[in-house]
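Being a predicted model, the structure only gives us computed values, none of them experimental. Counting convention: from 1, in listed order, for ligands and their atoms alike.
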Amino acid sequence: MHLSRFPRVFLAHLPTPLERLDRLSDELGGPEIWIKRDDCTGLSTGGNKTRKLEFLMAEAQAENADYVITQGATQSNHCRQTSAFAAKLGMGCHLLLENRTGYDDGNYQDNGNVLLDHLHGATTERHPGGADMHAEMEKVADQMRADGKKVYVIPGGGSNPTGALGYVNCAFELLSQANDRALTIDHIVHATGSAGTQAGLVVGLQAMNANIPLLGIGVRAAKEAQEASVFNLAVNTAEKLGCPGVVKREDVVANTDYVGEGYGMPAESTLEAISMFAQLESILLDPVYSGKGAAGLIDLVRKGHFKKGERLVFLHTGGSAALFGYTRSFA
Ligand SMILES: *Cc1c(COP(=O)(O)O)cnc(C)c1O
């Protein structure tokens, strides 16, 4: 496989840092914990969607699109990074935002990522939780095409084989950083949602035969459904890359015990993880994704799932801009 064969807009600040978390590791007394800082990809407060958008937006440009449309939850990091990428490329951007939590306070509705969407010049429309967002998005796209716009539609989370290439690349980048400093990685842990991040990582790791277990901590779906959606996307991504069959079903592992009440609703363990990272490491997590991913990591370390002497890497997928949409959770 050779990623240079795919069109890409180089915009992210890469490679993102790989750092040791001394105080968190000491506090938990288990494995050595490292962090891969994909919260520092540089685009409008950063996050994991930027790596995917480097490939997706290149495809949009190749199709001569002048407008991008995508969808997500009200406080979607993906929507915010898409709006920023579109602004940088001089393209229009329209976002469909679904109120998956039912929260109606002003900060949730208009602050955080939503404030940034508008600052980057995107237009937004709101939908209630449970709407068929894919169908709504196709409707809007058809209307805009009828009005003469050249529209490129990006799926929720940027999770299709094109977007997942960004995380195949991240797997290469992380292994190269580890090799350069003779760091052996025993586990990689991260938050998994629309599946593109885990699918890309698992393809990259398997293609390199890295033999590093990858664990996705779920933020929405049940374990079976989450693993199935990651596996399907991984299969299609591997095919796109010319290495079909490289990922086996058992390579895809998700733990969905840390979702709490539902998508976008922080649990007690989410808030504890956010506080620990802020107070021990001065690293900002978010209440929807990375806070839940870190809560899973912390709990699994406490339960002895990862052993003393092992080294694990937490991939920080970003999301801190959403904190300002969640003042209700930190009152
Ligand atoms: C979207 C997102 C994730 C999940 O990544 P997927 O590729 O959708 O699985 C994790 N963390 C943050 C901060 C995100 O915005």
Chemist: Is R328 close enough and on-axis enough to Y103, meaning under 6.0 Å and within 45°, for cation-pi?
Modeler: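 Judged by the rule (NZ or CZ under 6.0 Å from the ring centre, within 45° of its axis), R328 counts as positioned above Y103.
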Chemist: Using side-chain heavy atoms (C-beta onward) and a distance below 4.5 Å, is E63 in contact with K150?
Modeler: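 Not touching, per the 4.5 Å side-chain cut-off.
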Chemist: So does E250 pair up with K248, basic N to acidic O under 4.0 Å?
Modeler: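 No, E250 and K248 are not salt-bridged.
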Chemist: Enter the distance from F85:CZ to R80:CZ here, rounded to the nearest 0.5 Å.
Modeler: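 If we round to the nearest 0.5 Å, F85:CZ and R80:CZ are 13.0 Å apart.
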Chemist: Check for me whether K49 meets the cation-pi criterion with Y289, that is, NZ or CZ under 6.0 Å from the six-membered ring centre and within 45 degrees of the ring axis.
Modeler: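 Yes, a cation-pi geometry holds between K49 and Y289.
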Chemist: Is the shortest side-chain heavy-atom distance between K36 and H190 below 4.5 Å?
Modeler: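 Not in contact.
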Chemist: Tell me the residues surrounding ligand 1, counting only those with a heavy atom closer than 4.0 angstrom, sorted by chain and number.
Modeler: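 Answer by chain and number: N48, K49, K52, N77, S159, A191, T192, G193, S194, A195, G196, T197, D286, Y289, T317, G318, G319.
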